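Note that this is a predicted model, so its numbers are computed, not measured. Numbering starts at 1 and runs along the sequence shown. All values below come from the heavy atoms of this structure, side chains included, with hydrogens, waters and symmetry mates left out.
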Amino acid sequence: MAVLTRPRAPVQSPARPRSSPPVLSHLFLAGWALLTTLPLLWAVVSSFKSDDEILTSPWSLPSRPRWENWARAWNEAHIGRYFLNSAIVVTGALILTMLFGAMAAYVLARYKFRGGRVVYYAFVGGMMFPVFLALVPLFFVVRDLGMLGTLPGLTLVYAAYSLPFTVFFLTAFFRTLPTAVAEAAMVDGCGHFGLFFRVMLPMARPGLVSVGIFNFLFQWNQYVLPIVLMQGEGADQNWVLAQGLTALAVNEGYQGDFSGLFAGMTIAMLPVLAGYLLFHRQVQSGLAAGQLR
C-alpha cells in the first residue's frame, strides 16, 4: 500500500545582508589620484605660460602655448645636455643591473651550493643599508678609481645600488618557474648558459619588466649620489637631470624665469610618464604572476 507523503517545502537560508559599496575606498582612491595628478598637470600647463601669467593667474590656462619656453630650457639652461647624460647613465646602469642581477638571482634560485643562503641574505641586507651611511667611503672609493665626476663611475654606482633589490625580486620569481621545462631543455642537450639565456630568461620576462621599471624610476630620479660623486674640475659637463634642475631652480630663483623652470621640470618628467603609460600593464602582470604561482 503506497503511502502518500506531502512534499517538504524548501528550506530557505537566511538572507545575507547586502554589502554596501566600498564608497570610502573609492573616495580615498579618487582623492589620492587627484593629489598626485593635479600637481603634474599644473606643472605641464605652467610650462606653456609666460612668467606674468604664472604669477598673476597660476590656475588659469595659458593664453597661447609658448613653445619657446621649452626651447630656452633645452638650449640655454642646458637641459638637453643633462637629459642626454641621464639617458646614458641610466641605460648603462639598467643593462648592467638586469644582466648581473638576473644571473645572480637565477643561480641563487635554481642551484644549491654551500654558502648560497649567505650570499642571498647579503643581497637582502644591502636593501636595508641606507645610502647616506655609504656616501663618504663611496666618495673615496670612486675617487681612488679615478672615476670621480665621470659618467662611467656614476653608472657603476647606480648598478651596484640597484642590484640588491633586483636579486631579491628575481630570485623569488625564478623559483616559481617550472622545473620540468629546464629538465627537458637539459635532456635535449642545452647547456647551463643556453638554458639561462634561451629558456629561463624569456620565461622570466614579466618579472624582468617589472623590476626594470622600478630600477628605471629609482635611477632616473636619483639625486643624492650625483650630488656627491659629480665633483671636480669639468664635472658640471657630466651633470644629470636632477643636478641640472637644482641648479636651474637656484639660478632662476634670482632671475625670475619660472616658465623655463617649469619647462625643464616637464622635460624631466616625460620619460617617467612615458614609461608608465607603455609598461604599466606589464608591471601589474609581473607582480600578479609572482604572487599567484
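There is no path of hydrophobic side-chain contacts, each under 4.5 Å, that joins Leu217 to Ile95. In this structure, Phe113 is a member of the same hydrophobic cluster as Tyr120, with clusters built from ILVMFWY side-chain heavy atoms closer than 4.5 Å. Under the 4.5 Å side-chain heavy-atom criterion for ILVMFWY residues, a single connected hydrophobic cluster contains both Phe140 and Leu138. Clustering ILVMFWY residues whenever any of their side-chain heavy atoms sit less than 4.5 angstrom apart, transitively, puts Met127 in a cluster other than the one holding Val118. Tyr111 and Val124 fall within a single hydrophobic cluster, where Ile, Leu, Val, Met, Phe, Trp and Tyr side chains are chained together by heavy-atom contacts under 4.5 Å.
With values rounded to the nearest 0.5 angstrom, Ser259 atom OG is found 4.0 Å from Arg72 atom CZ. A distance of 9.0 Å separates CG of Asn238 from CZ of Arg81, quoted to the nearest 0.5 Å. We find the NE2-CE distance between His192 and Met200 to be 13.0 Å, quoted to the nearest 0.5 Å. Within the model, atoms CG of Leu41 and OG1 of Thr266 stand 10.5 Å from one another, a figure rounded to the nearest 0.5 Å. In this structure, OG1 on Thr97 lies 15.0 Å from CZ on Phe214, to the nearest 0.5 angstrom. Rounding to the nearest 0.5 angstrom, the gap separating the CE atom in Met147 from the CG atom in Leu229 is 12.0 Å.
The minimum heavy-atom distance linking Pro226 with Gln243 is given by the pair O-NE2, 3.2 Å. Taking each heavy atom of Ser162 and Asn215 in turn, the nearest pair found is CB-OD1, 3.7 Å. The shortest heavy-atom contact between Val240 and Ser86 is CB-OG, 3.2 Å. The shortest heavy-atom contact between Asp52 and Thr56 is O-OG1, 2.5 Å. Across all non-hydrogen atoms, the minimal contact from Leu99 to Phe197 is CD1-CE2, 4.2 Å. Taking every heavy atom of both residues into account, Leu208 and Met98 meet most closely at O-CE, 3.4 Å.
Side chains of Phe173 and Pro206 form a contact here, defined as non-hydrogen atoms less than 4.5 Å apart. Between Pro152 and Thr150, the closest side-chain pair of non-hydrogen atoms falls below 4.5 Å. Here the side chains of Glu53 and Ser63 are in contact, with some heavy-atom distance below 4.5 Å. Contact annotation: the side chain of Ile88 never approaches that of Thr155 to less than 4.5 Å [non-hydrogen atoms, C-beta and beyond]. Contact annotation: the side chain of Leu108 approaches that of Phe123 to within less than 4.5 Å [non-hydrogen atoms, C-beta and beyond]. Leu151 has its side chain within reach of Met230: a pair of non-hydrogen atoms, C-beta onward, lies under 4.5 Å apart. Counting heavy atoms from C-beta outward, Arg110 and Thr179 have side chains that approach closer than 4.5 Å.
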Requested in this report: Determine, stepwise, if the pair Val157 / Val142 fulfils side-chain contact (heavy atoms from CB on, under 4.5 Å).
Outcome: CA-CA 9 Å; Val157 173; Val142 176; 4.0 Å; yes
Report task. Mind running side-chain contact (heavy atoms from CB on, under 4.5 Å) on Leu241 and Trp220 for me, showing each step along the way? Result -> CA-CA 8 Å; Leu241 267 176; Trp220 187 266; 3.3 Å; yes
Requested in this report: Go through Met265 and Ser47 one step at a time and tell me if the side-chain contact (heavy atoms from CB on, under 4.5 Å) criterion holds.
Outcome: CA-CA 8 Å; Met265 293 172 56; Ser47 67; over 6 Å; no
Query - Working for side-chain contact (heavy atoms from CB on, under 4.5 Å), residues Gln222 and Tyr161 - result: CA-CA 11 Å; Gln222 183 59 242; Tyr161 267 92; over 6 Å; no
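For Phe174, the ring-ring contact (aromatic ring centres under 6.0 Å, His included) partners two or more places apart in sequence, or in a different chain, are Tyr106.
The ring pair (Phe, Tyr, Trp, His ring centres under 6.0 Å) analysis of residues 40-72, with sequence neighbours excluded, yields the pairs Trp42-Trp59, Trp42-Phe262, Phe48-Trp67, Phe48-Trp70, Trp67-Trp70.
Panel note: side chain Asn69, backbone Lys49; a donor-acceptor pair is recorded below 3.5 Å. Side chain of Thr36 to main chain of Ala33: a donor-acceptor pair is present (N/O by atom type, distance under 3.5 Å, no hydrogens or angles).
Under the 30°/60° scheme for interplanar angles, the aromatic rings of Phe165 and Phe169 are found to be tilted.
By the neighbour-count criterion of 12 heavy atoms within 6.0 Å, atom CZ of Phe193 is sparsely surrounded, having that number or fewer from other residues, nucleotides or ligands.
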